[in-house]
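Data block below; observations after.
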Amino acid sequence: MYILHNLATFTMTILIIFIFQMFYVLPFCSSTSTATFVFGDSLVDSGNNNFLFTLSKADSPPYGIDFKPSHGHPTGRFTNGLTISDIVGEALGDNSFPPPYLAPNVESNATNVGINYASGSSGILDATGTLFIGRVPLREQISNFEESRKYIVNSMGEENAKRFIKKAMFSITIGSNDVINYFQASIPFVSNEKVSPTTFQDFLISNLTMSLQRLHKLGARKFVVVGVGPLGCIPFMRAIGLISKGKCSVEVNTLIRNYNKKLKVELHRLNKYIKPKAIFIYANSYDVFREIILNHKQHGFENADAPCCGGYFPPFVCYKGKDANTSSVMCNDRGKYVFWDAYHPTEAANVIIAKKFLYGAASVISPINILHLHNYGS
């Protein structure tokens, strides 16, 4: 998912680097936690895009306004506070978050809390997100992990590195931007004449499977693969589709449901046949987030349609200027909104999703939940 924003200043860049130096440079990990390596898009990007020339950035206020470790300063997270991966890590006992790979002086975290390789506007396909210029596609994210693996091996030796990586959790949250680009027809694979939804789904599954197998060859054994959420319900897709309040794009959500079904089948196949043995968990973000939208009042939300910040209409920018006239409209109570901006959930929504992934039943996350995965094989 994206946020169009090219108003970052040199001063803000220096502030961002200062925040990373404060909160991420020193390796700090609880004795009960294991490393987590995070791959994906803006749903879990913790600041990598801050260090790219890109239109997909969240490095200025009011992004991060509720992120306590930075005292409300933006860190590059595309939400008002914690991402789903942040919340999961806290619940599992982590005392700090995996820092963004592209931030300075974070290499040593690879042998402690882990590293975050996720990049806003990226996708499974290399061409996804070209409209936003800079981004790190999944293939390159895995190449970056290869570099981190070299550091781990140099730090502790090959055998200890293998054991360390075997116990680590690999989280992959990717595919949303591929779907959005499919309906925008903005990537070469689907420009001009679109391929059929079935062909497109199969192409995504094939490419994602190759990426998962590549991580497996690098030693990964514990995988959390998050399906694509109900993008037909996000403010951006509803706005460009001229979809009325309370409704979602049936066309978009149908493609996503069928993609997710194929993804779940493929992960089951990998669980059954891949050698050496590994475990691939499927996280059903579609049903979890759709339920939040449908029953938002039961979850304490008042608005499941509009974004808290940035508005419904192009360019969908969430930005705090010098005064009210140069700032985006922002809601008064962020905890009452499901959507932070036109693309991303609020921290309040992320908390609900994370808890479902941590403790949920097989209908939400299978074959085991993240809490059980954390203890798996230990």
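Nothing here was measured: the structure is a model prediction, and the numbers come from that model. In what follows, every heavy atom counts, from backbone to side chain, and hydrogens, waters and symmetry copies are set aside.
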| Greater than 12 external heavy atoms within 6.0 Å of Lys166's NZ |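 No, NZ of Lys166 has 12 or fewer neighbouring heavy atoms, counting only those of other groups under 6.0 Å.
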| query | Would you say the SG of Cys331 sits less than 2.5 Å from the SG of Cys309? | reply |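 No, no disulfide: SG-SG not under 2.5 Å.
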| query | Do Arg214 and Ser143 have side-chain atoms, one donor and one acceptor, less than 3.5 Å apart? | reply |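 Indeed, the side chains of Arg214 and Ser143 share at least one donor-acceptor pair under 3.5 Å.
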| task | Kindly indicate, with the supporting measurements, whether the criterion side-chain contact (heavy atoms from CB on, under 4.5 Å) is fulfilled by Tyr259 and Ile205. | result | CA-CA 8 Å; Tyr259 164 80; Ile205 295 295; 3.4 Å; yes
| From CA spacing to verdict: side-chain hydrogen bond (donor to acceptor under 3.5 Å, both in side chains), Ser56, Thr54 | CA-CA 5 Å; Ser56 179; Thr54 179; 4.8 Å; no
| Does NZ or CZ of Lys222 lie under 6.0 Å from the centre of the six-membered ring of Tyr376, at an angle within 45° of the ring axis? |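 No cation-pi geometry.
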Please name the pair of heavy atoms, one in [X] and one in [Y], separated by the smallest distance, quoted to 0.1 Å.
{"X": "Leu102", "Y": "Leu52", "value": "CD1-CD2, 3.7 Å"}
{"X": "Arg238", "Y": "Gly232", "value": "CG-O, 3.3 Å"}
{"X": "Leu204", "Y": "Ile124", "value": "O-CG2, 3.8 Å"}

| query | For the residue pair Tyr337 and Phe301, is the inter-centroid distance of their aromatic rings smaller than 6.0 Å? | reply |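 Centroid separation for Tyr337 and Phe301: 6.0 Å or greater.
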| message | Ring centroids only, cut at 6.0 angstrom: are Phe145 and Phe170 within range, meaning strictly under it? | response |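 That pair passes the under 6.0 Å test.
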In a table with atom names and distances, give each donor-acceptor pair under 3.5 Å that connects a side chain of residues 275-283 to protein atoms at least two apart or in another chain.
unit_1: Lys277; atom_1: NZ; unit_2: Asn271; atom_2: O; d: 2.6

| request: Mind checking the CZ-CZ spacing from Phe183 to Phe200? Nearest 0.5 Å is all I need. | output: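 With rounding to 0.5 Å, CZ (Phe183) is 8.0 Å from CZ (Phe200).
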| request: Any chance you could lay out the side-chain contact (heavy atoms from CB on, under 4.5 Å) test for Phe78 and Leu43, step after step, and finish with the verdict? | output: CA-CA 7 Å; Phe78 289 73; Leu43 289 170; over 6 Å; no
| field | Evaluation steps, salt bridge (charged side-chain N to carboxylate O under 4.0 Å, His left out), between Asp66 and Arg334 | value | CA-CA 9 Å; Asp66 298 309; Arg334 298 175 288 277; 2.6 Å; yes
